[in-house]
Amino acid sequence: MSIKKNKSALSEVEGIKQPSIINPLLKNKKWVSSKNSSVIKIVKEIKKTNIAFLSKAITLIESTNVKHQKKATKIINACLPYANKSIRIGITGVPGVGKSTFIEVFGKLLTNNGNKVAVLAIDPSSSINKGSILGDKTRMEKLVTDQNAFIRPSPSGESLGGVARKTRETIILCEAAGFNIILIETVGVGQSETAVHKMVDFFLLLKLAGAGDELQGIKRGIIEMADAIVINKADNENEKATKLAKSEFTRALHLYPLKDNNWQPKVMTCSAFYNKGINAVWKIIEQYIKHTKSNHFFNKKRNEQNQFWLLETINERLKTEFYSNTKIKIILKKEINKVNTQKISPFNVAEKLLSIYFNQ
Ligand code: GDP
């Protein structure tokens, strides 16, 4: 800036150069049309970490158009041999606990260490709220402009099953694109935590000290799922309370029997805002990966997860087909009335409906 320009007291001091909002990886990339790109071309570009093509392929996964879905399936199958080589980490916690703040500093730590980080989110409520509250790019300003990070908000979907499937498939594409750490954010309400737990290697629960939700977490089995509990906002006047919470959680965790992987879940404190204790979290995750790889639990868990999603998909599909069948809908309505007036047992009705459905 010239001195001349700066003469007026009213002139603004030129601040630091603002980062562009758009991921720099998208720069100089022509708009990618999925229509004109063959599956081979898309897969080839994904493998080169071409973010424009990766994003487009994810859009195909998220599409409800049958043609898009068929193309997406071909892309996923072609990417499968190049997938599976990452560490998948689930991050959950109630709104306001500091998930975005944590992911921002944690993600930066990882990319600074030479990793490629993809941040995905699962938020089934996003279809109701018309837009995701998770994986929001504007909440991770530094990470979004990082060449080695890719952030994708939650797909909107009618059901948790649908959203989970799309996220699972997106993981495969991200891995094929060379992202070696996948962070999956979810909000600490409802069933989405269970879904995330079933698709990650390491499940991290973010907590607040003295928030009074400890019991709720225990009740809903969230604590049991956690491989580490990290109490965030361990700063300023909150530090003492977080220390106390740490010893309480540690005591509570010791009441649970050791899991089949022989891993004793860890309790830590951190301050995402002041970037304190973040490296220690990563060290624990590294320790966990080493531990579960050496006792072969790592691959066993991934295989179990694959089986789970296979069966879950069949269950969901059968249920949806059954209940949307016109004939079943009509008969079910009538039979429910009979059940309500004690004319017939619910088990008889169930048998009758199932045999009608399978014999039609
Ligand atoms: P999320 O809803 O779980 O994603 O939470 P956010 O990351 O949006 O954080 C919610 C609020 O807590 C924001 O105002 C953050 O600045 C603040 N916050 C996040 N982490 C910390 C922390 O470590 N210490 C303090 N003091 N505030 C934090």
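Each ligand, and each atom within it, is numbered from 1 in the order the structure gives. Note that the structure is predicted; figures quoted are calculated from it, not measured.
- The atoms of ligand 1 that sit less than 4.0 Å from any heavy atom of Val94 are 3 (O).
- Checked against a 3.5 angstrom limit, the closest N/O atoms of Ser271 and ligand 1 fall inside it.
- Residue Lys99 has at least one heavy-atom neighbour below 4.0 Å for each of these atoms of ligand 1: 1 (P), 3 (O), 4 (O), 5 (O), 7 (O).
- Contact annotation: the side chain of Lys41 approaches that of Phe53 to within less than 4.5 Å [non-hydrogen atoms, C-beta and beyond].
- For the pair Ser100 and ligand 1, the shortest N or O to N or O distance falls below 3.5 Å.
- Taking every heavy atom of Asp235 and a limit of under 4.0 angstrom, the matching atoms of ligand 1 come to 22 (C), 23 (O), 24 (N), 25 (C), 26 (N).
- Considering backbone and side-chain N/O of Pro95, none are found under 3.5 Å from N/O of ligand 1.
- Heavy atoms of Asn232 found under 4.0 angstrom from ligand 1 belong exclusively to the side chain.
- One option in Thr101, Thr242, Leu206 has a heavy atom closer to atom 7 (O) of ligand 1 than any other, and that option is Thr101.
- In terms of polar-atom proximity, defined here as any N/O pair under 3.5 Å, Phe273 does make such a contact with ligand 1.
- The closest donor-acceptor contact from the side chain of Asn115 to the backbone of Val117 lies at 3.5 Å or more, if one exists at all.
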Problem - Audit row: Lys85, Glu175, side-chain contact (heavy atoms from CB on, under 4.5 Å) steps and yes/no - result: CA-CA 7 Å; Lys85 288 175 203 139; Glu175 288 176 349; 5.9 Å; no
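- Side-chain contact between Tyr323 and Lys329 is absent, with no heavy atoms from C-beta onward closer than 4.5 Å.
- Under a 4.0 Å heavy-atom criterion, Val187 is not in contact with ligand 1.
- A donor-acceptor pair is defined here as one N or O able to donate and one able to accept, closer than 3.5 Å; such a pair exists between the side chain of Asn261 and the backbone of Trp263.
- Ion pairing between a basic and an acidic side chain is recognised when a charged N comes within 4.0 Å of a carboxylate O; Lys301 and Asp201 show no such pairing.
- In this structure a side-chain-to-backbone donor-acceptor pair under 3.5 Å is present from Glu104 to Leu143.
- In terms of polar-atom proximity, defined here as any N/O pair under 3.5 Å, Ala234 makes no such contact with ligand 1.
- Note on Ile40 and Ile58: separate hydrophobic clusters, where clusters join Ile, Leu, Val, Met, Phe, Trp and Tyr whose side-chain heavy atoms are under 4.5 Å apart, directly or indirectly.
- Within the 3.5 Å criterion, the main-chain N or O of Pro265 finds no donor-acceptor partner in the side chain of Asp227.
- Close N/O approach between Ala272 and ligand 1 is found [any backbone or side-chain N/O within under 3.5 Å].
- Contact between Gly93 and ligand 1 is absent, with no heavy atom of the residue lying under 4.0 Å from the ligand.
- At a heavy-atom distance under 4.0 Å, atoms from both the backbone and the side chain of Val97 approach ligand 1.
- Judged by distance alone, the side chain of Asn112 and the main-chain N or O of Lys108 form a donor-acceptor pair under 3.5 Å.
- At a heavy-atom cutoff of 4.0 Å, ligand 1 is contacted by no atom of Asn238, backbone or side chain.
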